[in-house]
Amino acid sequence: MFDIFKNMVKEEWRMHSSLFGHRGFALFPVFIFLFTFFVSLVLPVFREIVTDAQIALGIHYFFLLLGCMIGAFGLMGREFMNRRFGQASLIAYSSRVLPVSERFIFANFLGKDIVYYFVLYILPFVAGFSLAAEFVPAGIFSIPSVLLTLVLTLSLSFVIGISTVFFLSTVYAHSGKISLFCLFIASILLLHISGNMNQNVLYSLPSLSFFLDPSVSKLLHSGILILVPSALSIIFLKIDFPQSQKSFSNSFSKLCRLLGSYRYAAFVAKDSLDLKRSEGGLGKVIFSFVLPLTLVWILLSALGRVMPALSTLTIFALVLGVLSSSMYNWLTEYDIFASYAFLPLKVSDMIKSKLNSYLFLNLIPLAILTLLALKNEPGSLIPSMLLFLTISLYMVAVLVYLTGLSPSTNLYNAKTFALYTLSVVPLLMLNIVLSMFGPYYSLVDLLLVPFALYLLGKGFEKWDGNNCQCF
Amino acid sequence: MIEVKGLSKFYGQTQAVDGVDLSIGKGELFGLLGPNGSGKTTMIKMLTGQIKPTSGTLRVHGINVLEDPLRVRELVGVIPEQETPPSFLTAEEYLHFVAKIRKMEHYEEACSKWFDFFDFADQKDSLCKDLSRGTRQKLMFAQAFLHEPELAIIDEPLINLDPVMQKKVKDFLKGYVNNGGTIFISTHILEIAKEICTSIGVIYRGKLVYTGRLNDPELQKRNFEGFFLDLVSRRKEISNDIMQKPTTEVPLPV
């Protein structure tokens with residue numbers, strides 16, 4: 001009964017550890033623990049500005065978001081695994097060869113994701129947080145029973161995120177583009193009304209409201225929010241095994257013609273076809289980008305009302321820049337350099353081509369930011385745009401330097417992740433403080449542009465010199 | 001066309017290629033033979049500048065591969081072992097993509113020629129990920145010869161192809177060499193080498209243990225398979241012997 005579950009957990013562990021060694025990966029939760037511990041030591045400073053409830057709100061929504069993103073990756077990462085591990089045959093995709101139903105495998109997959117990432121993220125996070133609460137005045141967070149509740153409610157938030165994405169993906173599998181369109185419209189609508197939304201709505205997330213005011217009914221609501229979407233996903237599971245070859249007319253040549261004699265035209269055309277034709281397609285953009293952005297904007301709008309000193313748009317531009325760098329991950333998911341190593345190309349050529357596609361994709365967040373700025377703070381449009389572009393460039397430069405063509409896998413190496421965090425978090429903190437003085441103070445970030453370009457140059461050299469064709 | 005001196009490659013503690021010297025002239029169809037894991041693919045990756053050797057020198061087309069691997073890959077056509085084309089391009093789009101990377105102009109006709117040659121024009125609009133292994137191999141073959149290189153370095157090119165296609169490919173390779181081209185082919189299938197190669201090299205545990213022309217009277221006298229198996233099994237004994245006496249110099253088989 002538990003064999004599939006156990007093997008799925010083993011498979012996930014081996015997949016990660018085969019990429020950067022057992023020790024490199026085993027240190028990842030240790031890093032999460034240490035990082036949370038040190039950041040939590042400044043909790044008293046935060047508590048001067050925000051209430052305990054608002055801190056709890058931030059943490060719970062963060063784990064909700066994490067659940068959404070891990071769920072989306074688990075469902076849509078098949079081609080990526082195939083490219084990186086050859087024709088990978090993960091247990092999750094093996095109902096055709098195993099004498100068990102797709103539903104049973106899917107239920108195990110859901111369980112595996114919950115347990116695996118609970119150990120990887122939630123447990124070390126709460127452990128680091130709890131330890132820090134022993135050393136500094138941490139309000140309600142220093143009470144042991146509250147911390148135990150936090151383990152439970154963060155897990156609930158995380159699982160709500162996973163089960164919601166699984167449910168949405170099931171709806172998508174049945175209704176295709178119609179559901180995506182509805183989701184997209186809903187996101188836009190939410191972005192539009194978020195300015196007037198009562199912030200109490202945010203506290204209605206059952207796991208969060210249980211944490212703040214425990215009651216059986218709230219726990220039940222959380223359970224319902226997990227079990228109902230999960231059960232519906234399992235009951236209405238639809239897996240499309242390729243029955244026939246898909247045919248497409250030659251869009252590549254058309255796109256190349258459209259892009260003209262531009263040096264990276266062939267790669268940009270190929271990347272756009274990868275995104276369009278791969279599993280998830282446009283859904284990938286909506287699930288892992290537009291939805292989280294909507295959530296972030298709603299949170300920031302609520303935060304802006306209780307802390308008028310914070311410039312919501314400036315911080316949104318900052319977060320947008322950080323989240324945009326995840327688009328570089330999508331672009332690198334479909335290739336490994338080994339597939340091109342026999343052609344007259346260097347690793348840096350591939351990275352540059354991905355950066356060109358990244359540049360094009362950045363038009364999406366730029367458009368979102370522009371619309372939000374025009375609607376809410378037209379005066380902050382220019383500094384917000386500049387801030388977004390600078391942070392996006394800096395973030396992708398850090399990613400390129402540290403992870404080359406494999407960000408989604410290399411970042412799980414504890415050392416790499418530590419370096420990445422150290423390159424990013426202080427900058428974010430500084431910008432949050434600067435935003436309180438006015439939108440134009442963030443223009444100091446423009447100083448990052450030459451550094452980012454230097455880092456990119458160093459990254460190209462580094463990966464060209466790497467004698468491993470895996471990256 | 002290919003000049004290799006003292007070529008060695010270590011992967012960590014494992015030596016994949018051990019002091020190989022090799023010279024292949026224009027118009028040769030050279031077959032590198034060897035059992036699985038003997039170092040054939042590593043040789044190809046070094047010749048095309050995909051990996052750096054631990055020691056030794058390589059010149060391809062007169063170009064130092066270590067100094068200018070890109071120029072080598074511009075000139076040479078390569079079929080890598082077991083590599084597949086990108087999943088979400090169609091077969092035709094993939095060939096156009098390679099042509100663009102190779103900065104070819106007017107490549108449409110060249111691409112069509114290959115679809116006709118391999119008789120799979122009906123699948124040119126199918127995504128590469130949906131193609132059978134054999135069809136993917138045809139595609140990899142086509143991309144290697146698309147720019148009509150003077151030298152092609154090909155790793156197990158007939159794998160996954162049906163007998164009809166295998167014959168077609170073998171005829172193509174022979175014709176290619178007759179028209180002045182040079183081919184370096186790596187294979188563990190002896191019949192292929194026997195049928196099409198003009199010269200062969202046998203690599204075993206990273207060492208090049210034999211090189212010679214296929215019309216070598218000494219070789220002609222013997223059964224080809226027997227000669228190869230003899231060579232490899234003798235080397236096995238020799239290498240066991242070496243393990244016991246590390247200072248012994250390995251005599252090359254006559």
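Naming: A, B, ... by sequence-line order, numbering from 1 per chain.
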For the pair B/E93 and A/K254, find out whether any cationic side-chain nitrogen is under 4.0 Å from an anionic carboxylate oxygen.
-> no
Would you say B/K26 has more than 12 foreign heavy atoms packed within less than 6.0 Å of its NZ?
-> yes
Chain A contact via B/E108 - side chain, backbone, both or neither, heavy atoms under 4.5 Å | neither
Starting at CG of B/D130, measure out to OG of A/S247 and round the result to the nearest 0.5 Å.
-> 8.5 Å
Determine the option with the most heavy-atom pairs under 4.5 angstrom with chain A, choosing from B/K124, B/H96, B/E74.
-> B/H96
Which atoms of B/V72 come close to chain A, meaning under 4.5 Å heavy atom to heavy atom: side chain ones, backbone ones, both, or neither?
-> neither
So CZ of A/F342 and CG of B/D155: to nearest 0.5 Å the spacing works out to 11.5 Å
Hey, does the side chain of B/R102 reach the backbone of A/P344 with a donor-acceptor pair shorter than 3.5 angstrom?
-> no
Does A/F248 reach the side chain of B/D125, with side-chain heavy atoms less than 4.5 Å apart?
-> no
Does the side chain of B/Q50 reach to within under 4.5 Å of the side chain of A/F337, using non-hydrogen atoms?
-> no
Which is it for A/N250 and B/T90 under the side-chain contact (heavy atoms from CB on, under 4.5 Å) test, yes or no, and what are the steps along the way?
-> CA-CA 8 Å; A/N250 193 337; B/T90 64; 5.5 Å; no
Would one find more than 12 heavy atoms of other residues, nucleotides or ligands at under 6.0 Å from atom CD of B/E150?
-> no
With rounding to the nearest 0.5 Å, note down the distance linking CG in A/D274 to CZ in B/F88.
-> 6.5 Å
Side chains of B/I101 and A/L345: closer than 4.5 Å at any heavy-atom pair?
-> yes
Does any heavy atom of chain A fall under 4.5 Å from the side chain of B/T48, the backbone, both, or neither of them?
-> neither
In terms of heavy-atom proximity below 4.5 Å to chain B, should A/S249 be classed as side chain, backbone, both, or neither?
-> backbone
How about B/F97 and A/F267: are their ring centroids closer than 6.0 Å?
-> yes
Relative to chain A, which of B/L70, B/V78, B/V76 shows the most heavy atom pairs under 4.5 Å?
-> B/L70
Side-chain heavy atoms of B/L89 within contact of A/K270, under 4.5 Å = yes
